[in-house]
Amino acid sequence: MRSITKKMMIYSLAGMLQLGFGASIIEASPLHNDNLPPVGQQYDQRGPGSNPHERDRMERERHERERVENERHEHEMKRRPHESKKTWHKRQQKEIERHERALREIREHREHR
């Protein structure tokens with residue numbers, strides 16, 4: 001009789017724990033939140049760039065600007081005819097700084113939109 005009572009108490013406690021975890025998970029679920037609009041309408045209220053098509057277009061535009069900047073940088077890093085090594089290295093250092101600034105501006109421009 002004692003073992004049956006112990007088993008019953010253990011199983012009932014385990015069941016109550018499962019119900020407690022289940023209730024907290026349901027309350028934390030984003031599908032259960034009544035304050036939010038339906039999932040399909042959420043992106044309309046987030047502002048510019050929230051539309052998936054708009055985001056894709058902005059990403060393509062950013063990649064294109066980065067590609068153009070990388071091509072320009074690659075061209076500028078090459079040594080010019082009749083250029084001494086000293087002036088070439090100075091120009092390279094300035095170009096690297098300019099290139100990093102340009103890429104940072106391209107990325108920041110995307111984030112601010």
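Only this structure's heavy atoms are used, side chains among them; waters, hydrogens and symmetry mates stay out. Position 1 is the first residue of the sequence, and the numbers go up from there. Quick caveat, the model's predicted, so the values are computed rather than measured.
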Completion exercise
salt bridge (Lys or Arg N to Asp or Glu O under 4.0 Å) test vs Glu59 passes for just one of Arg62, Arg57, Arg55, namely Arg62

Atom [atom1] of [X] and atom [atom2] of [Y]: how far apart are they, to the nearest 0.5 Å?
{"X": "Ile4", "Y": "Lys6", "atom1": "CD1", "atom2": "NZ", "value": "12.5 Å"}
{"X": "Gln18", "Y": "Ile25", "atom1": "CD", "atom2": "CD1", "value": "10.5 Å"}
{"X": "Ile106", "Y": "Glu64", "atom1": "CD1", "atom2": "CD", "value": "10.5 Å"}
{"X": "His63", "Y": "Glu61", "atom1": "NE2", "atom2": "CD", "value": "11.5 Å"}
{"X": "Ile96", "Y": "Gln93", "atom1": "CD1", "atom2": "CD", "value": "7.0 Å"}

Practice task
Answer yes or no: is there a side-chain heavy-atom contact under 4.5 Å between Thr87 and Arg91?
Solution key: no

Handout entry: Sidechain-backbone polar pair: Glu54 side chain, Asn51 backbone, donor-acceptor under 3.5 Å
Key = no

Problem - Residue of the set Arg98, Glu100, Glu95 for which side chain to side chain donor-acceptor pair (under 3.5 Å) holds with His73 - result: Glu95

[X] versus [Y], closest heavy-atom pair with distance:
{"X": "Ser84", "Y": "Arg79", "result": "C-NH2, 3.7 Å"}
{"X": "Leu103", "Y": "Glu66", "result": "CD2-CG, 4.0 Å"}
{"X": "Trp88", "Y": "Met77", "result": "NE1-O, 3.1 Å"}

Problem - Atom CD of Glu71 with >12 non-hydrogen neighbours under 6.0 angstrom - result: yes

Problem - Salt-bridge criterion met for Glu97 and Lys94 (N-O under 4.0 Å) - result: no

Exercise for the section: Before giving the answer on side-chain contact (heavy atoms from CB on, under 4.5 Å), spell out for Met9 and Thr5 the whole-Å C-alpha distance, their side-chain angles and the decisive distance to 0.1 Å. Expected result: CA-CA 6 Å; Met9 288 173 60; Thr5 308; 4.1 Å; yes

